[in-house]
Enquirer: 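Have a look at this one before I ask anything.
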Amino acid sequence: MGIPMAECVDAASLMATKIVANEFVAMMQLSSGTVILSAKSVAIVSIFLVSFANFSSIGIIAGAVKALNEEKGNVVACFGLRLLYGATLVSILNATIVGLII
């Protein structure tokens with residue numbers, strides 16, 4: 001992605017917090033000043049954090065589809081982890097592109 005090796009653990013902890021909790025919790029942790037990152041790392045992590053790749057977003061999507069169509073909602077719910085995996089890969093790709101540009 002382009003994050004320096006010395007900052008990888010801090011950046012990864014923010015990314016994991018985003019996936020498990022949500023982007024608001026991770027952004028609050030990033031902006032609180034407890035995690036010190038370089039400007040490039042902040043740009044890369046920020047792009048990763050603004051996506052919808054987390055458990056709560058997948059639940060919201062599955063619930064909305066289920067409200068519209070019961071059968072299709074069940075299908076979406078069955079593929080919840082695959083949706084999370086795909087959304088996470090897209091977030092990683094976006095962050096990597098930012099790392100290449102900056």
Side-chain angles (χ1 to χ4, degrees):
M1 291 176 116
I3 297 173
M5 196 63 143
E7 300 174 352
C8 282
V9 173
D10 292 333
S13 71
L14 287 171
M15 292 176 184
T17 300
K18 184 252 187 288
I19 291 173
V20 173
N22 61 26
E23 57 273 3
F24 299 112
V25 175
M27 280 290 192
M28 290 299 292
Q29 190 177 4
L30 179 63
S31 66
S32 69
T34 57
V35 178
I36 307 299
L37 298 174
S38 65
K40 181 178 181 176
S41 296
V42 168
I44 293 169
V45 170
S46 296
I47 292 299
F48 184 87
L49 294 182
V50 297
S51 69
F52 292 106
N54 57 34
F55 288 108
S56 59
S57 293
I58 301 303
I60 291 168
I61 292 167
V65 172
K66 194 166 190 170
L68 296 172
N69 186 340
E70 183 79 23
E71 181 183 328
K72 298 296 180 186
N74 292 333
V75 172
V76 170
C78 290
F79 290 110
L81 288 179
R82 290 182 185 167
L83 289 170
L84 180 64
Y85 180 66
T88 303
L89 288 177
V90 170
S91 299
I92 291 170
L93 179 64
N94 289 337
T96 303
I97 291 171
V98 168
L100 289 173
I101 292 172
I102 293 179

Enquirer: Rounded to the nearest 0.5 Å, how far apart are CD1 of Ile60 and CG of Asn22?
Expert: 9.0 Å

Enquirer: For a quick test of reading the model, state the closest non-hydrogen atom pair linking Ala11 to Ile3 and the distance between them.
Expert: CB-CD1, 3.6 Å

Enquirer: Are Val50 and Leu84 connected in a single hydrophobic cluster, I mean Ile/Leu/Val/Met/Phe/Trp/Tyr linked by side-chain heavy atoms less than 4.5 Å apart?
Expert: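 Result: yes, single cluster for both.
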
Enquirer: Should Phe52 and Met28 be counted in the same cluster of Ile, Leu, Val, Met, Phe, Trp and Tyr side chains packed under 4.5 Å apart?
Expert: no

Enquirer: Is the shortest side-chain heavy-atom distance between Leu37 and Leu30 below 4.5 Å?
Expert: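 Yes, close enough: below the 4.5 Å cut-off.
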
Enquirer: Starting from Val35, can I reach Val25 by hopping between I/L/V/M/F/W/Y residues whose side chains sit under 4.5 Å apart?
Expert: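 Cluster IDs for Val25 and Val35 differ.
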
Enquirer: May I have all residue pairs that pass side chain to side chain donor-acceptor pair (under 3.5 Å) and include part of residues 32-54, sequence neighbours excluded?
Expert: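 Listed by first then second residue: Glu7-Ser38, Glu7-Ser41, Glu23-Asn54, Ser32-Thr34, Ser38-Ser41, Ser51-Ser91, Asn54-Ser56, Asn54-Ser57.
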
Enquirer: Do the non-hydrogen side-chain atoms of Ile101 and Val98 ever get within less than 4.5 Å of each other?
Expert: no

Enquirer: More than 12 non-hydrogen atoms from neighbouring residues, nucleotides or ligands closer than 6.0 Å to CG on Leu81, yes or no?
Expert: no

Enquirer: Under the rule for salt bridge (charged side-chain N to carboxylate O under 4.0 Å, His left out), what residues qualify as partners of Lys66, not counting sequence neighbours?
Expert: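 Lys66 satisfies salt bridge (charged side-chain N to carboxylate O under 4.0 Å, His left out) with Glu70 once adjacent residues are dropped.
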
Enquirer: Determine the sole option in Leu93, Ile19, Leu14 for which the side-chain contact (heavy atoms from CB on, under 4.5 Å) test with Phe48 is passed.
Expert: Ile19

Enquirer: How far does CD of Gln29 sit from CG of Asp10, to the nearest 0.5 angstrom?
Expert: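 One finds 9.0 Å between CD of Gln29 and CG of Asp10.
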
Enquirer: Determine whether a donor-acceptor pair (N or O, by modelled atom type, separation under 3.5 Å) exists between the side chain of Asn94 and the backbone of Ile97.
Expert: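 A pair under 3.5 Å: no.
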
Enquirer: Please determine whether residues Phe55 and Ile92 belong to a single hydrophobic cluster, defined as Ile, Leu, Val, Met, Phe, Trp and Tyr linked transitively by side-chain heavy-atom distances below 4.5 Å.
Expert: yes

Enquirer: Can you hop from Ile47 to Ile102 via hydrophobic side chains spaced under 4.5 Å?
Expert: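 Cluster IDs for Ile47 and Ile102 match.
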
